Amino acid sequence: MIGSPITPREKDFATWYQDVVIQGDMAEPAEIVKGCMVIKPNGWGVWERLQRELDDRFKATGHENLYLPLLIPESFLKKEAEHVEGFSPELAVVTVAGGKELEEPYVIRPTSETLVGHFFGKWIQSYRDLPLLINQWANVMRWELRTRMFLRTTEFLWQEGHTAHASHEEALEEVLRMLDVYADVAENVMAMPVIKGVKTSSEKFAGALRSYSIEAMMQNGLALQAGTSHDLGQNFGKAFDVQFQSKEGKLDYVWQTSWGVSTRLIGGLIMTHSDDKGLILPPKVAPRKAVIVPIYRKDEERAQVMETASKIARELGAHLDAREGQTPGAKFFHWERRGVPVVFELGPRDVAAGKIVIKRRDTGTKEPIAQSEAAVTLAETLDLMQRDLFAKAQQRLMSNTVLANSIQEVEEMLADATAEKGGGKFVMAHAKDAPEVDARMKEFKATVRNIPLTDGYDGPGKCIITGENVDRRVVIAKAY
RNA sequence: CGGGGCGUAGCGCAGCCUGGUAGCGCACCUGCCUUGGGCGCAGGGGGUCGGGCGUUCAAAUCGCCCCGCCCCGACCA
């Protein structure tokens with residue numbers, strides 16, 4: 001329950017994560033619905049902020065929101081061979097409705113490429129209809145065998161962007177543009193450093209030509225795919241007969257893209273910043289940036305403290321914790337585990353001196369400041385905390401990234417890494433995008449996370465499995 | 001689907017082996033007292049013991065069946 005101790009990261013990282021989610025009042029398992037969760041107000045508040053940051057950027061890049069049905073005719077999924085093969089194991093299917101067996105079952109959307117294909121076919125006739133840039137905020141369902149709150153649940157929330165273009169070049173630009181948007185939000189809003197890259201063929205989205213991802217490193221060194229952007233080529237255009245007439249009067253299939261991030265981001269956020277005391281939220285995503293805890297003994301002290309506290313709370317837009325019957329100590333713990341970036345303490349001594357104590361969640365540092373400077377100091381502190389959190393995460397990413405020049409080295413470096421015990425690393429090695437390479441990695445439960453878009457190392461080299469030349473090192477890690 | 005664990009008050013658990021009609025901590029309610037890092041004291045409310053069947057004078061406890069949840073693995077954003 002809320003108020004219970006939090007398992008230290010050292011002892012068991014996976015349990016720590018669960019504890020932080022629950023103690024931080026972010027979410028709880030929906031015990032009555034297998035694999036699903038209840039996202040509580042503190043967690044939903046973070047999602048709302050992420051949504052806004054993302055949505056603003058989608059609009060700024062010319063996209064419009066719409067909404068498509070939750071149910072998809074089963075036959076739609078089957079139109080793209082690779083797509084149906086990839087998704088069929090995890091589909092939930094509606095076969096009975098209104099008390100009758102349906103003639104054709106509906107699948108609950110696992111993603112909407114097929115519906116989009118159908119409607120794009122209706123909406124697109126000529127090159128004048130292109131590019132078509134849409135996005136949907138929705139829930140999707142994938143029947144996962146193993147779930148973890150935020151990281152993988154049966155039902156989850158996301159946005160899925162879908163676009164159609166007249167040329168492959170233009171589509172590819174879109175794919176990379178949106179990957180940049182994701183990296184921007186991850187790094188500058190969530191303070192979570194990521195590596196942009198291309199997925200290997202065996203890890204790509206079912207039905208795509210190529211998939212791109214941003215990969216983040218959690219505190220246990222495991223990788224988390226935090227966002228994906230797909231170059232769908234003409235695969236869905238052909239499957240759903242989405243043709244347009246070019247300026248020259250020729251018919252051609254459209255070039256499509258799709259891209260998405262989900263509530264999984266919140267899991268990444270938690271595993272990037274939080275500590276053994278609970279949640280730590282970067283100021284830009286925190287539903288409550290600052291809370292004031294009043295301290296008093298007698299009634300006359302209470303009156304004075306509360307008057308000053310509510311005045312400052314109004315000025316700062318901070319939340320005043322005016323709950324009666326709770327000691328200040330209990331309140332400090334309460335806000336600490338919920339990840340509030342800044343907590344102010346205001347007692348009789350401070351009121352008398354015209355001061356207030358400001359405390360930072362991430363560092364735990366506490367200092368008295370003049371009340372008149374509270375607003376400025378708060379703004380500075382939030383700004384500094386945002387940057388410090390990013391710097392700290394980036395430092396961790398760098399110090400846990402290692403180079404390897406043989407498959408044995410890679411295997412050794414990742415041998416002890418698990419979600420519970422930690423010890424994960426990003427191992428940079430030369431490796432080809434080939435099935436035998438992925439298969440070899442799988443033997444020790446690692447994967448090629450992606451092939452970075454920019455080479456931060458020593459350029460070309462020989463693949464550690466096939467010996468063939470490849471032009472850069474790839475990210476190999478164990479992942480969620 | 002395989003391996004492990006667990007279902008007893010809102011939450012966390014004890015009781016079960018050795019049957020006798022349910023208890024502890026936290027939370028909650030009332031009063032007093034306290035308040036600069038989880039206050040204290042006193043009193044109080046709250047239970048189909050996951051479900052079904054069976055054994056028995058008697059089942060939380062023994063037996064059989066079922067259901068659910070969590071963790072670990074195989075699949076995956």
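A, B, ... follow the sequence lines: proteins, then strands. Residue 1 opens every chain. Remember, predicted model here, so these are calculated numbers, not experimental data. Only heavy atoms go into these numbers, but all of them, side chains included; no hydrogens, no water, no symmetry mates.
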Where the side chain of Arg264(A) is defined as all heavy atoms beyond and including C-beta, which of rG36(B), rA77(B), rA74(B) is the nearest nucleotide?
rA77(B)
Less than 6.0 angstrom separating the ring centers of His118(A) and Phe240(A), yes or no?
no
Within the 6.0 Å centroid threshold, strictly below: Phe236(A) and Trp255(A)
no
Compute the centroid of each ring, for Trp259(A) and then for His162(A), and state whether the two points are separated by less than 6.0 Å.
no
Going by ring pair (Phe, Tyr, Trp, His ring centres under 6.0 Å), name the residues that satisfy it together with Tyr212(A), two or more places apart in sequence or in a different chain.
none
Short heteroatom pairs, N/O only, protein and nucleotides 32-35 of chain B, under 3.5 Å:
unit_1: rU35(B); atom_1: OP1; unit_2: Arg297(A); atom_2: NH1; d: 2.5
unit_1: rU35(B); atom_1: O2'; unit_2: Tyr296(A); atom_2: O; d: 3.2
unit_1: rU35(B); atom_1: N1; unit_2: Tyr296(A); atom_2: O; d: 3.4
unit_1: rU35(B); atom_1: O4; unit_2: Arg297(A); atom_2: O; d: 3.0

Verify whether the ring centers belonging to Tyr480(A) and Phe150(A) lie closer than 6.0 Å.
no
Using purine N1 to pyrimidine N3 plus N6-O4 or O6-N4 for Watson-Crick, or N1-O2 and O6-N3 for G-U wobble, both under 3.5 Å, which nucleotide pairs with rC69(B)?
rG5(B)
Whole-Å gap separating C1' (rG36(B)) and CD1 (Ile356(A)):
13 Å
Could you tell me the Watson-Crick or G-U partner of rA14(B), where both distances fall under 3.5 Å? Say none if there is no partner.
none
When both hydrogen-bonding distances must be under 3.5 Å and the geometry is Watson-Crick or G-U wobble, what is rU30(B) paired with, if anything?
rA42(B)
So what does Val293(A) hit on the nucleic acid, given a heavy-atom distance under 4.0 Å: a base, only sugar-phosphate, or nothing?
nothing
Of the listed nucleotides rC70(B), rG73(B), rA77(B), the one nearest the side chain of Ser262(A):
rA77(B)
